[in-house]
Each structure stands twice: as C-alpha cells, then as structure tokens.
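If you're wondering where the values come from, they're calculated on a predicted model, not measured in any experiment. Letters A, B, ... mirror the listed sequences (proteins, then strands); counts begin at 1.
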Amino acid sequence: MDYNFKDIEKKWQDKWFYEKSFKAIDFHPTKPKYYVLYEFYNISGNLHMGHLKGTIPADALARFKRFKGYNVLFPIGGDAFGLPAENAAIKTGINPHDFVENGLNNVINQSRKLGLSFDYDRTICTSDPDYYKWTQWIFLQLFNHGKAYKEKSKVNFCPHCNTVLSNEDSQGGKCDRCGSEVVQEVRWSWFLKMREYAEKLLGNIDRINMAENLKEAQRNWIGRSEGTQITFQIFNDNDENIGSLDIFTTCVETVYGITFVALAPENELLDKLKSNIKNWNEIEEYRKKTALRTEFDRLSDQKDKTGAKIEGIYVVNPINKAKVPVFTADFVLAGYATGAVMAVPSHDQRDYEFAQKFNIPCIQVIEGDTSKCAVEKKEYLSKNSKMMNSGEFDGMNVKEAKTKIAQKLIDMGVAERKVNYKMTDWAFNRQRYWGEPFPIVLCPHCGEVALDEKDLPLILPQVKDYLPNEKGDSPLSKATDWVNCKCPKCGREAKRETDTLPNLAGLSWCWLRYIDPHNNEKLADFEKLKYWGSVDCYTGGTEHITRHVLYAFFWQNFLYEIGAVPTRDPFIRKMGSGLILDSEGKKMSKSSANGVSPLEVIDKYGTDVARIHVHFLGGYEDNTPWTYDGINGITSFLDRVWSLQDMIKGEEISNEHIYELSILNKKLCEDYENLKLNTAISALMIFVKKVKEDGFITREELRQFLIFLNPLAPHITSEMFERVFKKQILDQTWPSYDEKNLVKSSVEIAVQVNSKMVAKVNIDTSKSQEEILSQVKEEEKVKNAIINKNIVKEIYVPNRLVNLIVK
RNA sequence: GCAGGUGUGGCGAAAUGGCAGACGCAAGGGACUCAAAAUCCCUCGAAGGCGACUUCAUGUGGGUUCGACUCCCACCACCUGCACCA
C-alpha cells in the first residue's frame with residue numbers, strides 16, 4: 001500500500017495540536033529540564049525557506065531530548081511590534097492591530113504544517129498588552145536604576161522611516177529596514193547605558209557556546225581597546241595656560257614623535273576656546289562644511305584628508321615640553337574616546353597622510369623605513385624594534401618602552417590607564433506608532449517622571465492616523481486625549497512621552513516570559529526561572545544575531561543585578577543557521593522572484609520529505625542553495641521505510657543487525673545533539689539499505705528504527721508505529737545499546753608496508769595485537785613485501801590498520 | 001586594511017592524524033514490461049593497461065610524522081563581519 005502523506009500528516013498534526021502533545025511541565029517531579037528555543041517569528045508575512053532550515057534542527061533536538069527522558073520546553077512566539085510589521089500593515093492598508101492578530105495566527109498555522117513540536121499554550125506576542133506590560137516594567141526598572149536617560153544629542157535619523165535609529169540599525173550609513181541614507185540630527189533621545197555593561201558582555205561572550213565568527217563579530221562591535229589617556233595643557237599666543245585637553249592613545253610609546261594634535265570638528269572644546277582662536281571664521285566654515293558631508297562622503301574620502309590649522313593656540317607635550325600645533329580634522333571622530341588624537345605621522349598612516357598634505361614635520365621615534373609610509377604598531381611591535389629620538393628611552397625595545405613611558409607619564413600626574421569601547425549607549429526611542437509606549441510622563445515641573453508599576457501596562461491607544469510624519473514627530477503626539485495627563489509626582493498638568501520603544505526591546509527578554517507566560521504579578525515566577533534556567537540551545541538566523549544577542553546579554557545582566565532573574569547568562573548555546581540561497585547563490589527572500597515557499601514543497605512532497613531534504617542539502621550553519629535536485633532520493637527513502645512494515649520477521653534484535661543498530665543509535669545521539677542532521681540522515685539510510693539487502697527486519701529492530709527516525713520524520717514514523725505496535729511512539733523512550741555491540745566480531749583491516757597499502761586482511765577483533773601482527777605477516781602479499789628485510793617498527797591501530805616499517 | 005570562516009568528483013557533500021570521496025543526486029548500462037512510469041541490479045575522481053593492477057589526486061608551495069583533507073609555516077581565491085576607533 002502506498003503512503004498517502006496528505007491525509008496522514010494532517011491527522012498527526014491535528015492530534016498533536018488538539019491533544020497538546022508537547023506541553024512542557026513546570027517543576028516536573030522526575031525528569032530533568034531541557035530548554036530549546038527558536039527565535040521569534042517576524043509577524044510580517046508567511047514563513048519562508050529560512051524557517052524550514054532554522055526550525056527543523058531545533059524541533060529534531062526537542063523530540064530527541066523528549067525520548068531521552070527530558071522535560072522539554074520548546075516554545076514559539078511572534079515579534080509583532082516595530083518597523084517590519086508596521087510597514088507591512090501600511091502597505092496592505094490594514095490597521096496594525098488587526099494585521100498582527102491575523103499574522104500571528106497565520107504563522108502558527110503554518111508552523112503546525114511543518115510538524116513543529118511547540119508548546120503552543122505558551123505562545124507569546126510582543127504587541128500583546130500582557131506581554132508588553134513587562135517590557136515596559138523592565139524599562140521602568142532601567143529608568144529607576146539610572147540606566148535610562150534622555151538627552152539632546154546627535155543621533156542617526158532615517159528620513160524615509162521618519163525615525164531615530166540605533167547605531168546597530170544604521171550600519172554603513174544605511175537604514176537597516178529600508179536602505180535609505182541615514183542622516184545625523186540633533187534630537188531629544190532616550191538612551192540605555194549599555195556601554196557600562198561592556199566588560200560584562202565580553203564575559204557572556206566568553207562563556208556562551210557559539211561559533212567563533214559570531215563571537216568575533218560581537219567582540220568587534222564592543223570594540224574594547226586598552227591604552228593611556230594623557231592630559232595636554234593648552235596655551236594661547238601669549239603663553240597663558242587656557243585649559244587642558246585629554247587624549248586617548250593605544251600607542252603611548254610614540255609620544256616623543258607627536259608633531260600635531262587634532263580635534264574632531266564637532267568637539268565642544270573648540271567653542272570654549274573661541275576667544276583665543278584667531279582664524280575662527282575659517283574654523284567655523286570648516287565645521288559647517290563637514291557637518292553637511294554625509295557619512296558616505298566621509299567614508300569614500302578616506303584617502304583625501306581635510307582639516308584646518310587652529311591659529312592662536314598650541315598645546316605642550318608633557319613628556320618633553322615641546323610646543324605642538326593644533327588642527328581640526330574630520331578623520332577624527334567626535335563619538336569615540338575624547339574626540340581628539342595625538343598625531344605621530346611617522347607611526348600612524350592617517351597622521352602621515354594628513355601631515356603630508358599640511359606640510360607638518362615628522363619625528364621618527366622607532367626604527368624602520370618611514371620614507372614612503374608610516375611604520376605602524378603592528379609592524380614595530382611584531383619585530384619589537386628599538387626606540388630612537390625618545391630621550392632616556394633611546395635604544396630600548398618598544399615593548400619595554402611602552403610600559404615605562406606610560407608609567408613615567410602616570411608618575412608625572414598627567415596620564416592614566418584607560419579602556420575605551422566603540423560600543424555606545426543604546427538609542428532607545430522611535431518616532432513610530434507601532435511600539436510599546438514609554439511608561440514616562442514629561443512634567444514641566446518635575447521633568448521625566450516614571451509611571452507607577454501598578455499603572456502598567458500603559459496601553460497603546462487606537463488612533464486613526466498612525467502614519468509617520470515628515471517632521472519626525474511621533475504619530476502618538478496627535479492623540480491628545482491620551483497625551484495629556486497628570487504628573488504622577490506633583491499632580492499638575494503634564495504630557496506623556498509620545499515616542500515608542502524599538503522592536504528589539506520586546507525581543508530582549510522573550511526567553512524569560514516563555515517560562516511563565518501568563519503571570520500577572522511578575523515578568524516570571526522566580527522559582528520557575530530557577531527551574532528552567534538558561535536556554536540550553538537557542539537557534540535562529542544569523543541576520544541580526546550580533547545586536548540581538550548583545551542586547552539579550554545586557555538585559556539579562558541588568559535583571560540579574562536587580563534580583564529579577566537567577567543567572568547572568570540567558571543562553572548556554574547559540575546556533576546560527578545558514579541561509580537558503582536561490583539558484584544564483586543569492587539570499588532567498590520574499591521579494592526575490594524565484595523564492596520557493598516551504599508550503600509549496602510540503603504540498604508537493606509532504607512535510608517529512610521537505611524536512612529531510614532541506615537538511616540533506618548541507619550542514620546547519622552552511623549557506624545552501626535551494627534545489628529540487630535530490631528530493632526524489634528522499635521520497636524513495638521514505639517509501640522504502642514505509643515498506644519495512646511488510647518485511648517483519650522475528651521478534652528480538654537479530655545477530656545480523658545488532659551491530660548496525662547499535663552503531664546507528666550512537667551516531668544519532670551525537671548528531672541530534674550537535675544539530676548535524678545531514679549525517680544523521682545518511683546513517684539512517686545506510687541502515688535501511690542493510691535491512692533491505694538482508695530482506696527482513698525484526699519487530700524490535702523496527703520499533704527502535706522508528707524512534708530513531710522520528711525526530712526528522714515525525715509523521716510517517718508515528719503512523720507506522722501505531723499500525724504495527726498499536727501504541728503511540730511519543731510514549732516510547734530512546735532505546736539503549738551495549739558498548740560491546742559497537743564492534744563487529746570480524747573486520748577487514750588495511751596492511752601497509754612502509755606506509756604503502758599491500759593487502760587487506762580479515763581479522764578476528766577478539767584477538768590480541770600479537771596474534772593479529774603474526775596473522776598479518778603470514779599473508780602472501782605481506783610476506784612478499786617484507787621478504788629479506790628487517791622490520792624496524794610495527795604500528796597497530798585497533799580495527800583499522802597495521803603498518804610495518806622495514807629496511 | 002583588520003578579524004573570523006571556507007576551499008575535496010559532473011553536482012550537494014562525508015571523513016578532524018589511520019583504506020579519501022560515506023550518503024544522495026545526475027549520468028551510463030542491464031532486468032521486468034507490448035510500451036512507458038515505478039521498482040530492482042551493475043558502473044561511475046583522473047590517466048594508463050586486455051588484465052589481476054599501476055600512477056596521480058582534497059586551492060598552491062614548503063614542513064612535522066611510519067602515516068596529513070586533518071597539525072605547523074607561507075601564499076592564492078572566495079564568503080561573512082567590522083572599517084579613518086587614535
């Protein structure tokens with residue numbers, strides 16, 4: 001009888017859903033916990049191939065762990081707030097509230113069709129007031145603990161989305177959502193003090209089990225850099241001390257080579273020194289000019305340095321009292337360290353180029369050829385070159401001089417050791433309608449005032465006009481009934497904050513809410529948090545992984561410090577799934593014309609075939625081009641599996657199959673654990689091939705095999721199990737195997753003479769090394785190869801090979 | 001430029017110091033069939049030989065080792081991330 005996947009798959013999907021087959025039990029009395037998490041679905045459309053690639057390994061792991069006796073928590077939810085959902089709603093003309101509700105139902109129904117074993121009772125959605133109450137609560141805690149502040153500052157602004165963006169959302173000067181050029185604008189903005197957490201985040205990165213390239217990207221984003229901060233005194237032309245300037249450097253060893261210092265055009269120190277600057281008009285003009293340059297211009301002009309000399313002031317190099325001219329230049333970034341650099345043209349390529357253009361002299365302080373370009377730290381540190389032109393440090397090795405010079409400056413009281421980070425505080429507000437409202441009231445008398453916890457959630461009001469406007473004011477500002485309120489502190493007239501939280505806010509704590517999704521008193525019960533602990537395996541795409549994981553670390557650290565959660569580490573292991581590429585090797589997306597929908601594949605071939613095919617194409621972390629090629633092989637594999645029920649002969653495990661079954665069991669345990677589904681599939685195929693060759697399978701062998709295959713192909717195995725054994729496969733436990741059955745009684749080993757293959761010999765694996773060596777030497781081909789020669793060395797690798805070294 | 005990763009048949013890929021190419025696709029040949037589909041069997045890295053076989057092969061060049069896809073050094077190509085970060 002043929003396998004009718006359409007009816008059978010539907011039957012099991014309905015059964016699992018309505019019988020709540022995969023419900024996780026809080027505080028299970030006997031089973032240990034295991035927490036598998038797949039990232040939020042984005043509620044802006046249908047599931048795509050990426051979901052098939054990303055969810056199935058997590059599902060297989062969850063199903064495998066249940067057989068292994070774990071109490072598995074495997075939940076799902078929707079990321080519904082934010083630009084993707086709102087833009088999709090605007091595009092379709094549907095109100096976001098309705099759009100999101102339909103969208104969530106849609107993706108949940110689709111995920112049932114993938115046969116995913118989620119605990120659907122724990123489904124959460126970031127735009128649900130029961131959920132965002134606690135997102136707002138976390139913000140309140142941040143605010144009340146001084147970790148959130150509002151400040152007028154230069155921020156990234158997307159003129160197309162009409163909203164402020166975080167640095168993370170505007171990488172490369174382009175809006176992450178719409179690709180428009182981002183401009184820098186001065187605005188009132190909310191920030192979270194994430195920079196304070198830099199060292200703790202680095203600790204999280206060290207502890208988590210995650211691919212090295214992803215860790216590196218995160219360390220890069222944090223951008224930790226150790227160095228020395230030196231104070232320079234500033235003088236005017238009359239040699240009067242008019243202030244001081246702090247400069248951070250990682251190359252304190254070059255301090256004798258300073259020939260100019262440069263300030264970022266935006267540096268406020270310039271305004272303070274205005275009265276002493278003789279060419280103020282010129283400087284002001286340069287500042288205006290650079291302010292107009294877009295990020296893109298500044299980047300593309302890297303080779304061509306611009307700047308202006310500041311007349312009327314100079315600074316003194318504290319190490320040798322040399323007078324040093326001051327410039328302003330836009331290669332110096334205002335946002336990093338103190339927005340000023342000490343320039344040593346001989347040993348820094350950017351300083352070198354600037355000096356060439358402005359005819360500034362160079363002082364070489366470390367040996368090397370500086371005639372064509374700077375000798376930079378990478379070069380002189382690796383060679384540990386000698387110092388020159390550096391007073392008492394001449395002739396000393398650079399590495400030694402680095403510490404000694406720093407110490408001297410510190411002893412002089414003009415410097416301190418310092419660590420800087422590229423990562424800035426998290427710009428946390430968006431001028432959009434579709435997000436969590438800030439639980440903050442702006443009072444003309446009291447300033448920013450937090451709502452009381454009992455007034456949460458602060459519901460996002462329904463408005464007619466939710467489109468962003470061109471001035472970049474939040475659409476909520478037009479909801480006057482909602483905006484006007486009383487100050488919780490003084491009771492006088494006040495207004496609500498009308499910006500909303502960014503959508504990464506709701507994503508930054510979701511793994512905690514799944515643990516206790518319906519709790520009205522707390523974000524989650526502390527004892528339940530302790531029971532479920534950190535996520536054992538968190539899977540998802542790699543697209544926004546750097547930001548999402550860092551924000552997750554940040555919030556978890558903060559919540560840990562205020563006693564709301566029991567651990568600093570949200571995740572034990574984080575896996576980033578590769579992409580499904582289209583036939584041209586490009587990322588397959590909804591917008592690409594040749595995008596294939598997983599539902600289309602399921603419709604044609606069935607869910608089990610689709611699940612296996614996608615993962616037989618390549619490894620979990622690899623990017624794999626989509627193709628239907630090979631899918632027939634999977635169909636015929638499952639057809640052969642189906643036919644096994646007509647081949648049953650005997651009850652217990654047969655001598656013919658005990659080795660193959662045990663080896664398969666061991667291999668699958670490793671592969672499911674490591675999400676290596678491609679090799680798991682091939683191991684299963686090898687077993688079926690063997691059984692087919694032998695023409696029979698025993699009942700016990702089939703029982704075990706169906707359990708082995710179930711995590712990958714849950715439908716066909718459930719059906720076969722029910723038909724053959726009249727029981728439910730989900731009630732089974734993973735079979736055990738005996739170590740002694742992992743070795744065959746007889747194997748063929750390779751025999752080499754001087755590392756060259758001369759023969760293959762069947763040996764009895766119970767024999768000793770001596771017995772095997774003498775057996776091998778009796779073999780005709782081996783005899784011929786070693787005749788008249790002395791054996792100087794005998795190498796024996798058990799059950800693999802013998803290598804005889806002769807002279 | 002810096003960092004991380006990858007490089008193996010016609011294709012997707014296995015093998016992490018021990019018989020390279022498991023498993024699958026495609027291709028070719030055969031069986032069954034009036035015929036086709038489906039199914040089953042055989043061949044399938046390259047070159048040479050009628051042949052048991054031989055030689056060469058894991059991006060390139062060196063090295064370590066009895067033995068290297070695997071470890072070390074240098075280089076090339078591609079992918080990803082960051083990029084005037086002092």
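- In this structure, A:K756 reaches the B:U55 phosphate: one of its side-chain N or O atoms is under 4.0 Å from OP1 or OP2.
- B:C75 is paired with B:G59 under the Watson-Crick or G-U wobble criterion, all donor-acceptor distances under 3.5 Å.
- Of the candidates B:G24, B:A3, B:A86, B:G24 carries the atom nearest the A:F616 side chain, counting heavy atoms from C-beta on.
- As judged by a 4.0 angstrom heavy-atom cut-off over every strand, A:Q349 is placed among residues making no nucleic acid contact.
- Here the side chains of A:F705 and A:V688 are in contact, with some heavy-atom distance below 4.5 Å.
- The aromatic ring centres of A:H544 and A:Y551 sit 6.0 Å or more apart.
- Using a 4.0 Å heavy-atom distance criterion, A:L617 is classed as a sugar-phosphate-only contact.
- Using a 4.0 Å heavy-atom criterion, one finds that A:G223 contacts no nucleic acid atom at all.
- With B:G24, B:A86, B:C66 as the choices, the nucleotide that has an atom nearest any side-chain atom of A:I805 turns out to be B:C66.
- You won't find any donor-acceptor pair under 3.5 Å spanning the side chain of A:D629 and the base of B:C25, going by distance alone.
- Minimum atom distance to the side chain of A:N803 is reached by B:G18, of the listed B:G18, B:A86, B:C84.
- Taking the side chain of A:F331 as heavy atoms from C-beta on, and the options B:C66, B:C25, B:C84, the nearest nucleotide is B:C84.
- The partner of B:A3 is B:U80, judged by Watson-Crick or G-U wobble contacts that both fall below 3.5 Å.
- Nearest to the side-chain atoms of A:K305 among the listed nucleotides B:C84, B:G4, B:C85 stands B:C84.
- Applying the 3.5 Å distance criterion, the base of B:C19 shares a donor-acceptor pair with the side chain of A:K760.
- Pairing for B:A15 is absent, judged as Watson-Crick or G-U wobble with the two contacts each under 3.5 Å.
- Note on A:L801: a base of the nucleic acid sits closer than 4.0 angstrom, heavy atoms only.
- For A:F260 and A:F354, the ring centers are positioned less than 6.0 Å apart.
- B:A20 makes up no base pair with any nucleotide shown, lacking Watson-Crick or G-U wobble contacts both under 3.5 Å.
- For B:U43, the paired base is B:A27 (Watson-Crick or G-U wobble, both distances below 3.5 Å).
- For A:S682, counting side-chain heavy atoms from C-beta on, the closest listed nucleotide (B:A22, B:C66, B:U39) is B:A22.
- Among the heavy atoms of the strands, none lies under 4.0 Å from A:K692.
- Across B:A86, B:C53, B:A15, the shortest atom-to-atom separation from the side chain of A:K676 is found for B:A15.
- Using a 4.0 Å heavy-atom criterion, one finds that A:K667 contacts no nucleic acid atom at all.
- Across all strands, A:N678 comes closer than 4.0 Å only to sugar-phosphate atoms, never to a base (heavy-atom distances).
- Using modelled atom types and a 3.5 Å distance limit, the side chains of A:T306 and A:K289 yield no donor-acceptor pair.
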